[in-house]
Structures are given as structure tokens and as C-alpha cells.
Amino acid sequence: MILDLDRFIREENAFWKELEDCLELLERRAEHQMDLAESRRFYYLYRRAASDLARISTFAAEPAIRGYLESLVARAYSEIHETRDKPYRLRPVSWFFETFPQTFRRRARAFQVSLAITLVGILFGAGAIALDPQSKETLMPFSHLQGDPSKRVEREEKQERDFMKGEHSTFAAMLMVNNIRVSILALGLGITWGLGTIVLLFYNGIILGAVALDYIRAGQSVFLAGWLLPHGSIEIPAVLIAGQAGLVLANALVGWGNALSLRERLRAVSGDLVTLIFGVALLLVWAGIVESFLSQYHKPGMLYALKIAFGCLELTLLFAFLFRAGAHKTPRGPAGEPTP
Amino acid sequence: MIQPRTNTLSIRTPEGIVFALPLAGPATRFLAWGVDFGVTLVAMSLIMTAFAVLRVLSPDFGAAISMLTYFALMIGYGILFEWFWRGQTLGKFIMGIRVMDVQGLQLQFSQVAIRNLLRFVDSMPVLYFLGGSAMLLSRRAQRLGDFAANTVVVRARVARQPDFQQIMPEKYNSFRAYPHIEARLRQRVSAEEAAILVQSLLRREELDAEARVALYTEIAGHFQRLMPFPPEATLGLTSEQYLRNLAESLFRNRA
């Protein structure tokens, strides 16, 4: 019990001020490493402030001092009990070429599920078009896909002038923004125990399957491959990876076969989620550029074989990157905390 | 079953010390979001002005850069501010709130990124209906993004000593004749009750006369039940004088 409050505050104030100075230094300079003596002193000051808080909590007349001490103890507590590394340097190159593919591989099971859901959607979409060609209007959200594929191919191959002249950059930006937005949504909908992510992936698969079969039935397989492969070889896997991130979040929420608490499970996946979605965003920037500047050009100006070869090359490089890059490096941190 | 809502986040340290952080309510957070939204719109209009030359030189490239900048600003504003400013944006700073880890640990970049990316879900279908509903149902006032990121939004307190001189009685404090009751009073009154006493006296001029009398009577009645003084000590005291005497007994050495 405190008998003389004024004296108590007068004596302890110097220690509180010293702790506050230490905290300000640590908060201002994240890279600062305390030596052993500094660490010991910091820990001593923290324990002293915590003890003062416990003592003053019984003294009703000092709510302001109590609030001040609570704030000091809370700040010191976060510095002392935090065990995760706090990244304070940007390492974008090693993050993209090592952390991102390592994270992708660590969560490969979720990618497989994401791929499987999309494949089921593709089969459903293709099946719907095969059994009921009239369903095209319902399944396809874009008006330019609802017409006859052969007529579109004929129209676009006959075009002599560059119909996108002066709009390439705007179109690329629009594609990037839209695709990144959808990808973030695929991640975010993981919070619905994955149901939202599954619906989004399945619906994407339906559109893809319906469009593909529609063009194949019209005998336009080469056009389809030449149109979709250059950007789709990056864009489709990127959306699958976004779905993978959503399913990782959902798995952390559900927690089947995981003894950790919900809070610990969410904490364990948070770094991986951010790494995956930032990687997806970069892939989609590339896909947007390719779709605007290459995919929209067809014969005679652009050889289909060249476009298909380019798409295949991209796909091969992407999967080599995702499955091989950074394999010889040790992953950073247990939770893969990214250093963007 | 929905757990009862509390307006504080209590954290017990391994040393057995408990500290409480007051949680920010939905209204404060919505106002902070409104300020941030306004800030991003102003920033965007400034950037648009800066890009005006670019749009004249190349309308296509200028439009593309504008679109990408706007998107990056809407997503990056919250992430960058909260990361570099220890859980605060301009809106949160003005409203006196900040984001922090739910366990009181250091805020990580991934936590800041996830809570901001999940705004896409929280803001559905309009005006943060989903996030706001989640916040009302959550024991820690968390929207879905906070839940996924293990974060909470707390009021950033500024510890200040109240001006006790303002609340001291102008006349002699009759309670001084009973030091043993004063000592027991100091033991029995909680910090929250003491704060209510101080605030009610400090805000005297903000209250209508009738409301003031009603409020002071109610508070005085509470303290009388908590630690009664003998009738001769309270004889002829108005509720306000009673409260000022109590304040003097509690804060005598701090004024």
C-alpha cells in the first residue's frame, strides 16, 4: 500500500521518464539493437513500471497517473514480448524471387484445391454450353463474348487499322485494376470460411469453360489459343494463387487437425497471405500489359503461332519460377513474414 | 451465443500485471474513415493536377497513370500510414484512435496489410455494412479485417493530470474533521468513480442548471451510500458542495 502518494510519484517519476525515453528510441529506430546492459536496464524499468501500476491501481485518486503507467507498460510489453522479427528494410528482389515462390510451395495444397475448383467450374461451363448453347447469354458477363465466335474472328482479322490505337495504356491499367481487385476479393472472401472464395473460383471456371467450348465448337481453337494464352498463361494462374490465399485463410479459420488456437492459426498464416497477394498483384501487372499490347492483335498482323509460343513460354517460365525459384534458400521466419 | 461486449481490451502480462486499453467504438471509427476518405480524395485531386501536363502530352498514358495511382492510393493509404505511423492514419490521429495487435504485441506489416485488404469484404454491400455489423457483434469491436489480422482499434490516450484547483471547495471542507473516513473513502472509491466525480465538476458550466442539480444529486447519493459521513459533517451541504468536499478529500495533495 502507498502511504505517501506524492513521495511515491516523485521518486518513481525518473524511472518512468527513462523508460519512456527508451521506448521512444525503439519506436523511432526499428533497427536499433540493444546490448546486454541496455536490455537488462530496459527490462528492469519495465518491471518497475509494471509493479508501480499494480500498486497505484489500488489508489482511486490517481486515474491520470494510472492511465499514463498503463500506456507505458503496454508499450514496453509489446517490445519485450514480441518474438517475431520486425522487417525494417525493403528487399523486393529477394522477396519476389525467393519468398514468394517458397510461400507458394509451402501452401501448395491450397493451390491444388483452388485449381480443382476452377477445373470443376470449367467442366460445368463447358457442359452447360454443350448441352444448352442458349445458356451463353446467362453464363458470359461480357457482351463481346455473347456473339458468334466465327463472326468475331472474321471481323477482327479483317481490321486493317489499329482499333486500340491511343487506348493501350488505359486498357492495360483497367485490366490491372479489375484483376487485382478480383484477386483481393478472392483472398478476402476466405473470411467466409472459404465459401466466397470457392464460389468466385467456380464462377471464373464456368466463364472460362463456356468461352473455350464456344470457340472450339465454332472451329476457332487456334484463334482462342492465340487470344487467351499470351495473357491467360499468367492471369489465370495468378487468380488461382489469389484463390489459394483465400483458401489458406479459410483453412486457418476452420482449423481442421490443427491444435493451435484460432488466434495463433491466423497469426501463423498472415505473412503468407500478404506474400501471395502481393505476388499475384505483380503477375497481374504483367498480364495486363500483355493483354492490352499483344493479345488483342490477330492475323494477319500477328502470327497465331508466335502468340501461342509466347504464351507457352510464359507458362513454362511461370511454373519453373513457382516450383523452383528460391529452392536452395532458407525461408525467412517461421510465418514467412514478408519484406515487401 | 453472442458474448457480452466490453469497451476495454484487458491484457495480463506474464508478470501478472493487467493493463486495460479502451476500444474505439463504431461511430468514432466511421468518422475516422470519413476523414481518411476525404484525405484520399484531396490527395487524388492534387495528383490529378500534377498529371495534367502528362495527360496533355499523352492522353492515353496520362489516363492510365491516373487510374493506377487512384487504385494504389485507395489501397496503399491505410497500409502505409498504419505501418509507418504505428497504427494511425490521419483520420485515426484526428479521432484519437490507433490500430494495435490484439495481444498487445508489435503491429506487423502483414497485419496492417490484411486488415486493409479485407476492406473489400468489410465494405460490402455498401458503406461498410458487413464490417460494421461484425463490429457490433464482436466482443472487441473488430470488423472482419481486424479479426483476420488479429488487430483491434483502441483509443490513443494522452495521460494528463486534471486541473484539480478548479474543483476544490471554496469553503472549509467539513469532511476534514473525519480523517479516518476520508482514508476509507480513498480506499473504496474506484478510479472510474473518481474520474466521474472529477469530470462532473470540471464540466459544470456545460450543464443546464436543472440537469446539473439532478446529476450532482445522483452522484452524491452514490458516494453517500459508498462511504457515508456523519450527518453533522453534511448538514446544510448542497449536492455540489458535497461533491467538491469529496474531491478535496480525495485529491487534497494533488491540487
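Below, each value reflects all heavy atoms present in this structure, side chains not excepted, and no hydrogens, waters or symmetry copies. The shown structure was predicted, so the numbers you read here are calculated from the model rather than taken from an experiment.
- The number of heavy atoms from other shown groups lying within 6.0 Å of CZ (Arg47(A)) does not exceed 12.
- Only the side chain of Met124(B) comes within less than 4.5 Å of a heavy atom of chain A; its backbone N, CA, C and O stay farther away.
- When all heavy atoms are compared, the tightest approach of Pro14(B) to His81(A) is CG-CE1, 3.2 Å.
- Interatomic distance, CD of Gln106(B) versus CD of Glu79(A), reported as 4.5 Å (0.5 Å rounding).
- Not a single donor-acceptor pair under 3.5 Å links the side chain of Ser110(B) to the backbone N or O of Val274(A).
- Residues Ser270(A) and Gln108(B) are not in side-chain contact: their nearest non-hydrogen atoms beyond the backbone lie 4.5 Å or more apart.
- Neither the backbone nor the side chain of Tyr70(B) has a heavy atom closer than 4.5 Å to any heavy atom of chain A.
- When each of Val121(B), Ile75(B), Ile114(B), Asn150(B) is scored by its heavy-atom pairs under 4.5 Å with chain A, the top score falls to Asn150(B).
- Heavy atoms of Ile65(B) lying under 4.5 Å from chain A are absent altogether.
- Enclosure of atom CZ in Phe171(A) by more than 12 non-hydrogen atoms of other residues, nucleotides or ligands within 6.0 angstrom is indicated.
- Heavy atoms of Leu118(B) lying under 4.5 Å from chain A belong exclusively to its side chain.
- The CD1 atom of Ile180(A) sits 5.5 Å away from atom CZ of Phe71(B), with the distance rounded to the nearest 0.5 Å.
- When all heavy atoms of Ala64(B) and Ser169(A) are compared, the closest pair comes out as CB-O, 3.2 Å.
- For Ile191(A) against Ala148(B), the heavy-atom pair with the smallest separation is CD1-CB, 3.7 Å.
- With a 4.5 Å cut-off on non-hydrogen atoms, Phe120(B) touches chain A through its backbone and its side chain both.
- Of all heavy-atom pairs spanning Tyr77(A) and Gln103(B), the tightest one is CE2-O, 3.2 Å.
- Of the atoms belonging to Arg181(A), heavy atoms from both backbone and side chain fall under 4.5 Å from chain B.
- Residue contact with chain B, scored on non-hydrogen atoms closer than 4.5 Å, involves the backbone and the side chain of Leu266(A) alike.
- Glu70(A) places a side-chain N or O within donor-acceptor distance of the main-chain N or O of Ala20(B), the cut-off being under 3.5 Å.
- Comparing Thr13(B), Leu68(B), Leu105(B) by heavy-atom pairs within less than 4.5 Å of chain A, the highest count is held by Leu105(B).
- At most 12 heavy atoms of other shown residues, nucleotides or ligands fall within 6.0 angstrom of atom CH2 in Trp286(A).
- Within 6.0 Å of atom CH2 in Trp193(A), 12 or fewer heavy atoms from other residues, nucleotides or ligands are found, so the atom counts as exposed in its surroundings.
- Contacts between Ile80(A) and chain B at a heavy-atom distance below 4.5 Å are absent for every atom of the residue.
- Residues Leu253(A) and Phe147(B) have side chains in contact (heavy-atom distance under 4.5 Å, counting atoms from C-beta outward).
- If you tally non-hydrogen atom pairs under 4.5 Å between each of Gly104(B), Gly16(B), Ala113(B) and chain A, the highest count goes to Gly104(B).
- Counting heavy-atom pairs closer than 4.5 Å to chain A, the top-ranked of the candidates Ile17(B), Val102(B), Asp122(B), Ile11(B) is Ile17(B).
- Ionic pairing of Arg263(A) and Asp101(B) is not present here: no N-O contact between side-chain nitrogen and carboxylate oxygen is shorter than 4.0 angstrom.
- The nearest pair of heavy atoms linking Gln111(B) to Arg267(A) is NE2-NH1, 3.9 Å.
- Partners of Arg40(A) by side-chain contact (heavy atoms from CB on, under 4.5 Å), not counting sequence neighbours, listed by chain and number: Leu36(A).
- A 6.0 Å sphere centred on CZ of Phe61(B) holds no more than 12 heavy atoms belonging to other residues, nucleotides or ligands.
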